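See structure below.
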2 protein chains.
Amino acid sequence: MKKRRVKLEDIARKLNISIATVSRALDKNPRVKLATREKVLKMAQAMGYMPNQIAKSLSSGKTNIIGVIIPRYDEPFFIEACRGIDHYARSHNYKILISSSRNSFDFERENLISFERGLVDGIILCPSHDTETFAHIRSIIDKEIPVVLFDNIREMVKGADHVLINDDKASFSAVEFFIKNGRKNIAFIGGIKEKKVFQDRYKGYLEALKKHNIPIDKEMIFHCNSIDREFEDDEISGFLKKLSKKPDAVFTCTDNYGLLAMKTLIKMGYKIPEDIAIIGFGDLGLGDVFVPSLSCVAQPSFEMGKKAAELLIDQLNKSEEETLPKKVIKLKTHLVHRDSTRFKKVNFHI
Amino acid sequence: MKKRRVKLEDIARKLNISIATVSRALDKNPRVKLATREKVLKMAQAMGYMPNQIAKSLSSGKTNIIGVIIPRYDEPFFIEACRGIDHYARSHNYKILISSSRNSFDFERENLISFERGLVDGIILCPSHDTETFAHIRSIIDKEIPVVLFDNIREMVKGADHVLINDDKASFSAVEFFIKNGRKNIAFIGGIKEKKVFQDRYKGYLEALKKHNIPIDKEMIFHCNSIDREFEDDEISGFLKKLSKKPDAVFTCTDNYGLLAMKTLIKMGYKIPEDIAIIGFGDLGLGDVFVPSLSCVAQPSFEMGKKAAELLIDQLNKSEEETLPKKVIKLKTHLVHRDSTRFKKVNFHI
DNA sequence: TAAAATAATACAAACGTTTGTATTATTATA
DNA sequence: TATAATAATACAAACGTTTGTATTATTTTA
């Protein structure tokens with residue numbers, strides 16, 4: 001005794017009119033008489049009619065769904081980016097379907113392939129850690145499915161839009177901030193060297209030192225290698241504990257590294273920010289709650305998502321013939337000062 | 001010059017066989033000769049055939065998508081729950097479509113209605129803060145769309161499965177833990193009183209005190225009212241600062257409250273956990289990183305999501321006729337001991 | 001008041017699959 | 001070698017819409 005859904009045909013039969021007319025009436029198409037439209041609307045309401053989205057999609061060739069692939073669910077940055085995407089998408093009548101690549105190239109490719117089956121109109125992707133080739137993305141683009149890439153981009157992919165931040169500038173500003181406040185022994189904790197973002201953040205660090213004629217001390221530089229969070233703590237505390245010289249500032253390439261570093265440094269007896277200042281990267285959004293709180297380079301995560309959605313929907317709405325030039329958007333970061341740099345209260349934009 | 005997708009018909013025409021045979025060959029249906037199957041498979045591969053998910057769904061009446069509605073994106077609990085849902089769903093060939101109700105009843109209802117359009121096979125819902133009536137959910141159930149509710153359930157809804165934790169037992173255990181460790185002046189910071197979960201957590205607090213003959217001191221009890229996070233900090237520090245008696249323990253109904261309380265208490269000069277022990281509720285998953293770290297009642301968020309997905313998929317897979325009895329699953333919480341209760345190292349299950 | 005113009009509606013194909021039934025080809029049986 | 005049994009395939013309807021074109025009903029015009 002499964003209740004069958006009410007469909008156009010049911011309404012049509014009840015009113016003794018054709019399906020086409022019912023369809024058009026519900027669309028408020030001027031081709032149907034006002035009286036008929038109202039009759040249909042009333043009957044649809046009375047019968048509890050709900051349009052079948054799947055049938056609509058098949059007929060129209062559009063699903064109004066955007067596929068989103070992120071490297072992981074449990075990073076505030078991605079959640080915020082998804083919120084941004086969702087925000088823009090919803091207000092433009094799109095839903096989003098999120099999958100995680102679990103930072104695996106294979107999963108990423110699988111997810112893309114599953115999106116190729118016509119369930120989504122377009123794709124927003126943040127490449128995973130170990131994505132080094134881009135054929136899988138190009139293959140999607142070849143099928144003329146619009147793609148926008150955001151964050152963690154190693155390499156531009158032709159035919160896709162890109163949304164990024166200025167990683168080198170961002171870390172440059174953070175390190176310069178240290179220097180301008182008299183810090184000289186500035187440690188650097190980076191991420192795996194293969195990632196473009198970490199390279200760029202490292203670059204910014206080096207450039208800031210260079211500009212201000214501070215010699216580069218290799219001992220002060222560490223690149224965290226583990227993808228697995230479990231080991232980050234050990235790696236970072238290991239690095240900090242075996243330093244022969246005391247740093248007076250640390251710049252870390254993620255907020256998490258910053259927090260872990262802070263934890264270790266406190267245990268080692270450092271006073272924050274008097275003995276050592278710390279700036280992380282990313283803005284977990286929670287850094288604020290804890291004592292001491294962590295300063296950071298804030299990525300405009302929500303904005304990045306929003307922008308990505310905007311670019312994608314622009315592509316989706318373009319007419320068949322016109323071909324929109326592909327864009328690379330770089331969004332601005334800014335320094336958020338909390339306890340770990342609060343020797344001077346400022347909040348400036350890069 | 002839009003490239004048309006390859007479809008069954010294209011393969012069929014190329015090989016001079018019928019669409020039905022191609023369809024069955026790809027399904028590895030034994031009705032088609034092995035030689036034919038291989039021919040088809042090869043051709044499909046060569047032509048880059050991708051099945052059209054929408055057409056499949058229309059034909060089969062199943063989308064293999066689960067709709068998920070959570071109150072907000074930016075709470076680790078929900079993210080973890082979604083991960084749990086996703087984990088189970090994916091391994092059973094379902095995708096998930098997440099929407100946020102932004103803790104608004106109206107958005108929640110809108111989301112449900114949009115799910116009613118046949119895009120999802122079933123729905124997993126965590127009711128929003130201000131959901132007080134349930135007609136919108138019943139209406140979905142009436143249409144025989146399977147529904148599973150999890151967390152924040154004010155009231156059981158007939159015809160839906162439920163996944164919960166034992167809120168009263170959980171807070172009871174936390175408070176009893178304080179008492180067994182010699183704490184007597186135990187403050188309570190709850191959430192808005194209208195929510196069942198907060199009522200239950202409050203109940204557990206009261207019961208623990210009662211069981212151990214500790215008089216209830218109204219001054220030690222505070223119910224945080226704000227939905228907006230911005231004001232929680234002020235509310236909580238306001239409460240703590242105007243206490244006439246010094247508490248030696250605080251139980252808070254969320255982790256965030258716990259962190260905020262800890263921040264204030266440290267500023268007030270309390271030593272943690274010597275002067276005051278704190279237990280939060282929820283396990284942000286980050287409480288660990290900060291100094292001092294926050295002990296908490298850990299909700300099995302991932303497990304809850306997983307269980308919800310399991311129940312839903314069970315409903316979806318049941319045959320047309322059989323009607324599965326609806327279930328209420330209560331999952332166990334456990335205490336996670338960190339710095340804020342580390343006067344004694346244990347980690348027991350409730 | 002009949003023809004022309006237009007408004008309103010009906011018909012039917014299309015979207016790309018699946019699947020029950022009909023048909024044809026092949027093999028087995030007598 | 002004709003006939004039955006079975007294997008392989010083809011046909012066509014169905015899923016629930018949308019939309020171009022054909023048809024019918026109504027109004028306008030002469």
Side-chain angles (χ1 to χ4, degrees), chain A residues 2-41 43-44 47-65 114 116-121 143 320, chain B residues 2-41 43-44 47-65 116-121 143 145 320:
Chain A
K2 174 88 174 173
K3 283 172 214 160
R4 230 189 8 72
R5 286 175 69 104
V6 177
K7 50 183 172 174
L8 292 183
E9 196 188 333
D10 300 319
I11 301 175
R13 187 154 341 117
K14 207 93 167 188
L15 294 173
N16 245 307
I17 57 179
S18 77
I19 296 176
T21 299
V22 175
S23 171
R24 289 192 169 103
L26 291 172
D27 270 4
K28 307 219 193 315
N29 184 315
R31 266 173 65 177
V32 330
K33 197 164 46 170
L34 208 72
T36 312
R37 176 202 293 185
E38 274 160 6
K39 220 167 46 179
V40 169
L41 255 38
M43 181 59 76
M47 298 176 75
Y49 172 75
M50 275 287 162
N52 181 319
Q53 192 56 51
I54 299 295
K56 271 192 143 126
S57 295
L58 182 60
S59 181
S60 68
K62 281 179 56 76
T63 63
N64 280 281
I65 299 177
S114 114
E116 217 180 314
R117 298 167 123 82
L119 189 58
V120 303
D121 292 340
K143 304 218 167 168
E320 202 66 4
Chain B
K2 173 90 173 172
K3 284 173 211 156
R4 231 189 7 74
R5 286 174 71 102
V6 178
K7 51 184 171 174
L8 293 184
E9 195 187 334
D10 300 319
I11 302 176
R13 185 151 345 115
K14 208 96 169 186
L15 293 174
N16 245 309
I17 57 180
S18 77
I19 296 176
T21 299
V22 175
S23 170
R24 289 193 169 101
L26 292 171
D27 270 2
K28 307 220 193 315
N29 183 316
R31 270 173 62 175
V32 330
K33 196 162 49 167
L34 208 71
T36 312
R37 177 202 292 185
E38 275 159 5
K39 222 169 42 179
V40 170
L41 254 37
M43 181 59 77
M47 299 176 75
Y49 171 74
M50 276 287 162
N52 180 319
Q53 192 55 51
I54 298 295
K56 272 193 145 126
S57 294
L58 182 60
S59 181
S60 69
K62 280 179 57 76
T63 62
N64 280 282
I65 299 177
E116 217 180 314
R117 297 165 123 84
L119 188 59
V120 303
D121 291 341
K143 305 217 168 170
I145 299 171
E320 200 67 4

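The shown structure was predicted, so the numbers you read here are calculated from the model rather than taken from an experiment. Each chain gets a letter, A, B and so on, in the order its sequence line appears, and its residues count up from 1.
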- Going through the distances and angles, do B:Leu15 and B:Thr21 end up as a side-chain contact (heavy atoms from CB on, under 4.5 Å)? CA-CA 11 Å; B:Leu15 293 174; B:Thr21 299; over 6 Å; no
Need one value for [X]: base, sugar-phosphate or nothing, where a base atom within 4.0 Å counts as base even if backbone is also close, heavy atoms only.
X       : result
B:Thr36 : sugar-phosphate
A:Asn16 : sugar-phosphate
B:Ile17 : sugar-phosphate

- Is there a donor-acceptor pair closer than 3.5 Å between any side-chain N or O of B:Ser60 and the backbone N or O of B:Lys56? yes
- Query: Under the 3.5 angstrom rule, does the side chain of B:Asn29 hit a backbone N or O of B:Arg31 as a donor-acceptor pair?
  - Reply: yes
Expressed in angstrom and rounded to an integer, what is the separation of [X] atom [atom1] from [N] atom [atom2]?
X        : N      : atom1 : atom2 : value
B:Ile19  : D:dA8  : CD1   : P     : 21 Å
B:Gln53  : C:dT18 : CD    : C1'   : 13 Å
A:Arg117 : C:dG16 : CZ    : P     : 16 Å
A:Lys62  : C:dG16 : NZ    : P     : 16 Å
B:Ile11  : C:dG16 : CD1   : P     : 13 Å
A:Leu8   : C:dT9  : CG    : C1'   : 15 Å
A:Lys28  : D:dT18 : NZ    : P     : 13 Å
A:Asn29  : D:dT17 : CG    : P     : 17 Å

- Message: Please determine whether the number of non-hydrogen atoms from other residues, nucleotides or ligands lying under 6.0 Å from atom NZ of A:Lys39 exceeds 12.
- Response: yes
- Message: Taking only side-chain N and O atoms of B:Ser23, does any of them lie within less than 4.0 angstrom of OP1 or OP2 on C:dT18?
- Response: yes
Where is the tightest heavy-atom contact between [X] and [Y], given as atom of each residue plus distance?
X        : Y       : result
A:Glu116 : B:Arg5  : O-NH1, 3.1 Å
B:Asp121 : B:Gly61 : OD1-O, 4.4 Å
B:Leu8   : B:Ile19 : CB-CG2, 3.8 Å

- Below 4.5 Å, heavy atoms only, C-beta onward: do A:Asp10 and A:Lys14 meet side chain to side chain? no
- Item | side-chain contact (heavy atoms from CB on, under 4.5 Å) assessment of A:Lys7 paired with A:Asn52 | CA-CA 8 Å; A:Lys7 50 183 172 174; A:Asn52 181 319; over 6 Å; no
Set out, line by line, the N/O atom pairs under 3.5 Å between protein and nucleotides 21-23 of chain C.
from, atom 1, to, atom 2, distance (Å)
C:dT21, O4, B:Arg31, NH2, 2.4

Any N/O pairs under 3.5 Å between the protein and nucleotides 13-15 of chain C? List them or say none.
from, atom 1, to, atom 2, distance (Å)
C:dC15, O2, A:Ser59, N, 3.4

- 5'-most by nearest nucleotide on DNA chain D - B:Val32 or A:Thr21: B:Val32
